[in-house]
Amino acid sequence: MKIATWNVNSIRQREKHVAGWLERCQPDVLLLQEIKCEAAAFPALPYHGLGYRSEAVGQKAYNGVAVLARVPFEVRQRALPGLPAEDAQARYIEIVTDGITIAGIYLPNGNSGGDAGYAYKLAWLDRLAERAEALLEADEPLVIAGDFNVCPADDDLAAGALSPSDALVRPETRARFRRLLWQGLTDAVRAVHPHGAVYTFWDYQAGAWQRDSGLRIDHALLSPTLAERLVAAAPDREERALPQPSDHVPVVVELR
DNA sequence: ATGCCGGGTCCTACCCGA
């Protein structure tokens, strides 16, 4: 089983990239982030031709997540449980396929909006930990994947790519990511590539891609029984070299 | 640390991303 996650930075700008990548990679499930449109505007039709069904949780202009799958699935949640009901940011979709729960997430960046913006990111991470705990206690096979906006450790960013006070690397941010690992989740890419740079994002500015000044912020976390089935997990760097790319590349996890 | 790029929208100067 192949599960992938990709922050596409606008699905309307990246529709052809996604269709081409699906043909090339043939994942069973693809989680998308930053679709940047309302669900009704999600361009589902071309993907149907490739045998994929889509479900989108969107909003105008910002955020937005979606699932494309060629296996049958059911949507369980369209928002992260535990967040205030008035929180309308489209950042979470949770599906079940073949008994496996898959959560697709777009975690708040946390650098805008001052103290309140960062507090929102930490609160979101706390609610995610609670959701993970509930699903792990139910002993369901679980994947949480997406754009976490967290560089978990110093290997996960190029020298000088971020300030030490950046919301992606602050100790409070990293502590909450580690908590997810202590809860029993396995960071799939790090399990396969224990050391060094395995970047998933390169800024559009200042020649970041050409200088390989990247970040590892897109992750796939696996519950114990799924971690035992892990055979491969890696970002697909090829996508970043194509014309008009997203600033993120797909991360692909293969389970036996 | 910011806004060099690139997406969005109140259509055009400004917000947001990481």
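So you know, we letter chains A, B, ... as the sequences are listed, proteins then strands, and number each from 1. Owing to the predicted nature of the structure, the values given are computational and were not obtained by experimental measurement. Heavy-atom basis, side chains included; hydrogens, waters and symmetry copies ignored.
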To the nearest angstrom, the CG-P distance between A:Asn111 and B:dT2 comes to 10 Å

So the side-chain hydrogen bond (donor to acceptor under 3.5 Å, both in side chains) pairs with at least one residue in residues 74-84 of chain A (sequence neighbours excluded) are A:Glu55-A:Arg78

A:Arg91 atom CZ is separated from B:dC16 atom P, nearest whole Å, by 12 Å

Rounded to whole Å, the CG-P distance (A:Asp166 to B:dG3) equals 15 Å

- request: State, without any angle test, whether A:Thr173 and A:Tyr118 hold a side-chain donor-acceptor pair at a distance under 3.5 Å.
  value: yes

Across all chains, not counting sequence neighbours, the side chain to side chain donor-acceptor pair (under 3.5 Å) partners of A:Asp166 are A:Asn111

Quiz item: Between B:dT2 and B:dC16, how far is it from one C1' atom to the other, in whole Å?
Solution: 13 Å

Say you pick atom C1' in B:dC10 and the same atom in B:dC15; how far apart are they, in whole Å?
12 Å

Contacts of A:Gln89 meeting side-chain contact (heavy atoms from CB on, under 4.5 Å) (sequence neighbours excluded), chain-then-number -> A:Gln59, A:Asn63, A:Asp87, A:Arg91, A:Tyr120

When rounded to whole Å, the NE2 to P distance for the pair A:His248 and B:dG17 reads 11 Å

Is there a donor in the side chain of A:Asn9 and an acceptor in the side chain of A:Ser246, or the other way round, less than 3.5 Å apart?
no

Base, sugar-phosphate alone, or nothing: which one does A:Asp147 contact when heavy atoms must sit under 4.0 Å apart?
sugar-phosphate

Sorted by position of nearest nucleotide on DNA chain B, 5' first, the leading residue of A:Ser163 and A:Leu168 is A:Ser163

Apart from A:Leu157 itself, members of its ILVMFWY cluster (side-chain separation under 4.5 Å) are A:Leu162, A:Leu168, A:Val169, A:Phe201, A:Leu215, A:Ile217

note: A:Leu162, atom CG; B:dT2, atom P; distance rounded to Å ~ 13 Å

If I pick the C1' atom on B:dA1 and the same atom on B:dC11, what distance separates them, to the nearest angstrom? 31 Å

Taken in chain and number order and not counting sequence neighbours, the residues that satisfy side-chain contact (heavy atoms from CB on, under 4.5 Å) with A:Ala234 are A:His193

Each nucleotide of nucleotides 5-12 of chain B classed B (base within 4.0 Å of a protein heavy atom), S (only sugar-phosphate) or -, in 5' to 3' order, makes BSSSSS--

C1' atoms of B:dT9 and B:dC4, separation to the nearest Å
23 Å

Please measure how far the P atom in B:dG17 lies from the corresponding atom in B:dT12, and state the result in whole Å. 24 Å

- [ ] Using a heavy-atom cut-off of under 4.0 Å over every strand shown, decide if A:Phe148 touches base, sugar-phosphate, or nothing.
- [x] nothing

When all nucleic acid strands are considered with a 4.0 Å heavy-atom cut-off, which category describes A:Asn63: base, sugar-phosphate, or nothing?
nothing

